[in-house]
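Report on the structure given below.
Numbers restart at 1 for each chain; the letters A, B, ... are given by sequence-line order, proteins then strands.
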Number of protein chains: 2
Amino acid sequence: MSLSPVAKEMSIPVIKTACSNCNLRELCLPFGLSEEEMARLDDLINVRKRVRRGEHLYRTGQTFESIFAIRSGFFKTDVLLEDGRDQVTGFQMAGELLGLDGISSEQHSCNAVALEDSEVCHIPFSRLEQLSREIETLQHHFHKVMSREIVRDHGVMMLLGTMRAEERLAAFLLNLSQRFTARGFSHAEFNLRMTREEIGSYLGLKLETVSRAFSRFQEEGLVAVQQKHIRILDIPGLKQIMSHHSH
Amino acid sequence: MSLSPVAKEMSIPVIKTACSNCNLRELCLPFGLSEEEMARLDDLINVRKRVRRGEHLYRTGQTFESIFAIRSGFFKTDVLLEDGRDQVTGFQMAGELLGLDGISSEQHSCNAVALEDSEVCHIPFSRLEQLSREIETLQHHFHKVMSREIVRDHGVMMLLGTMRAEERLAAFLLNLSQRFTARGFSHAEFNLRMTREEIGSYLGLKLETVSRAFSRFQEEGLVAVQQKHIRILDIPGLKQIMSHHSH
DNA sequence: CGGGGGGTTTGATCCATGTCAACCGGAAAA
DNA sequence: TTTTCCGGTTGACATGGATCAAACCCCCCG
């Protein structure tokens, strides 16, 4: 049963979806803001949208107007080349921003697809710029978030350019583990939201190679894999694989 | 003969190195600013620094305080992994910014090395943020520049993840050509500032593979290669290689 | 003018990953 | 319960690029 407008008017307490009571505020844009500043940020985020599994949040070429903060759920972004090849450029989870790539050309330069039922906050970009001209903390934090995206991308370039298959998968699992931990989930046990093919696309590998690497990790007792369910058994072992360069 | 301080005091016209008379202003940060706004940007860029070939502009781990705009010259950025592997993450030329990756953690996350004698403008970041709170155009343009870097990185991820050796090199040459063109140089003839090994590192290939790909292009009449001197003979041909996926 | 050395080219061989194909297994439909 | 189907696993084989090695070339320096 959903609350009627009348219920609101009768001032029955309603859980307002707002930055100030969002448990992701320490990971997301509001980081470091005062109560009053957060309220002003709230003001500009007046649309929250559900995106069901498999649906696009935006597509390449669409006019860029807003960035999105993930309230809950899981997304992938991918780029499509004219000749049909495509690549997953990232997986995004709660508290992360989507759409930063659209600022440069005023249109989105990748597709964003929900990998599970998700909810996003819609942040009109020009209003965010306006507010960040007024709130130094917000401005600086936003710059940090963009910069972090650049650093992340450099990490992926490193992975794609210098690592072999098992190193890539180890790095990928450790990265997921670390991000789940930061969100208060188990660092050792989680469900993958993406297929082997999507993992492979992200890591520059074919799905068979990803599958074989998982099997190998399993044999060596590093992880327990059951379909999409992953239990990481030996984090130091994975770290060693990641950086145990044979040459 | 250099001008003495006395000459300046006698108000003999001195070419001031300033954004307003920099021929890169349309590519660089000042893009879209009024004369008055550009003067304010000039105010904050009071150090211009020479970096000789082979010297570091900054190193991984150094405290981040400024970003740098390249006035002239050519740089590479690279990341070093603990196990000794490294990768070139980009090549930067006049009008481009260096150091954006340092914002996120307040320390530089890569090395920037001059590949030829260069000159950079030193832009204290906190003052840039301050000014961009006051000048909307500057703020927006800066955001676009950061976003463009993200889009560029996605392009490189695509290249590393889905392209084969010759496609990567074709993409690389076309990209250089296009950037030289934008700076008023010949789009068809230029000198590479980097070694085959650096190209390989950037493209996720070994130097021998890069060399072989060059030879192949030469055989096929796509380019004329003589050491570091490159003449592009067939741009459509290169474009076709880049996107002529065999599968 | 004659080394010397870094960068480059080219050849021969090897190997990690791609490719192709068969099979498996769990979830949803019938 | 059985069927279907999609995603995943596993095997056999092919291949692009890595590796190792030698020779070459250009530029700098004595």
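In this model, the phosphate group of dT9(D) is not approached by any side-chain N or O of Arg212(A) to a distance below 4.0 Å at OP1 or OP2. The phosphate of dG7(D) has neither OP1 nor OP2 within less than 4.0 Å of any side-chain N or O from Lys228(A). Considering only side-chain N and O atoms, Thr209(B) lies nowhere under 4.0 angstrom from the phosphate OP1 or OP2 of dG17(D). Contact annotation: Arg164(A) does not reach the phosphate of dT17(C) (side-chain N/O to OP1 or OP2, under 4.0 Å). Listed pair Ser215(B) / dT10(C) meets the phosphate criterion, a side-chain N or O lying under 4.0 Å from OP1 or OP2.
One can place CD of Glu208(B) at 14 Å from P of dG17(D), the figure rounded to the nearest angstrom. Distance CZ (Arg85(B)) to C1' (dA18(D)): 14 Å, rounded to an integer number of Å. A straight line from CD of Gln227(B) to P of dC24(D) spans 15 Å, rounded to a whole angstrom. Rounded to an integer number of Å, the gap from Glu219(B) CD to dT10(C) C1' is 11 Å. Atom CG of Leu159(B) and atom P of dG17(D) are 12 Å apart (whole Å). For the pair Gln218(B) CD and dT8(C) C1', the computed distance is 13 Å after rounding to whole Å. We find that CG of Leu192(B) is positioned 16 Å from C1' of dC26(D), with the value rounded to whole Å. The distance between atom NZ of Lys206(A) and atom C1' of dG11(D), rounded to the nearest whole Å, is 19 Å.
Note: Phe91(A) and Phe74(A) have tilted aromatic rings, judged against thresholds of 30 and 60 degrees for the angle between ring planes. Using the six-membered ring where Trp is involved, His108(B) and Phe64(B) have ring planes that are perpendicular, over 60° apart on the 30 and 60° scheme.
A salt bridge is defined here as a Lys NZ or Arg NE, NH1 or NH2 lying under 4.0 Å from an Asp or Glu carboxylate O, and Glu96(B) with Arg183(B) meets this definition.
Nearer the 5' end of DNA chain C, as judged by each residue's closest nucleotide, is the contact made by Glu197(B), out of Glu197(B) and Met163(A).
Aromatic rings from Phe180(B) and His187(B) are positioned such that their centres are separated by 6.0 Å or more.
Counting only N and O atoms by type, the side chains of Ser243(A) and Asp83(B) include no donor and acceptor under 3.5 Å apart.
When heavy atoms are screened at a 4.0 angstrom cut-off, Gly200(B) is found touching no nucleic acid atom at all. Ser211(B) comes within 4.0 angstrom of a base, heavy atoms only.
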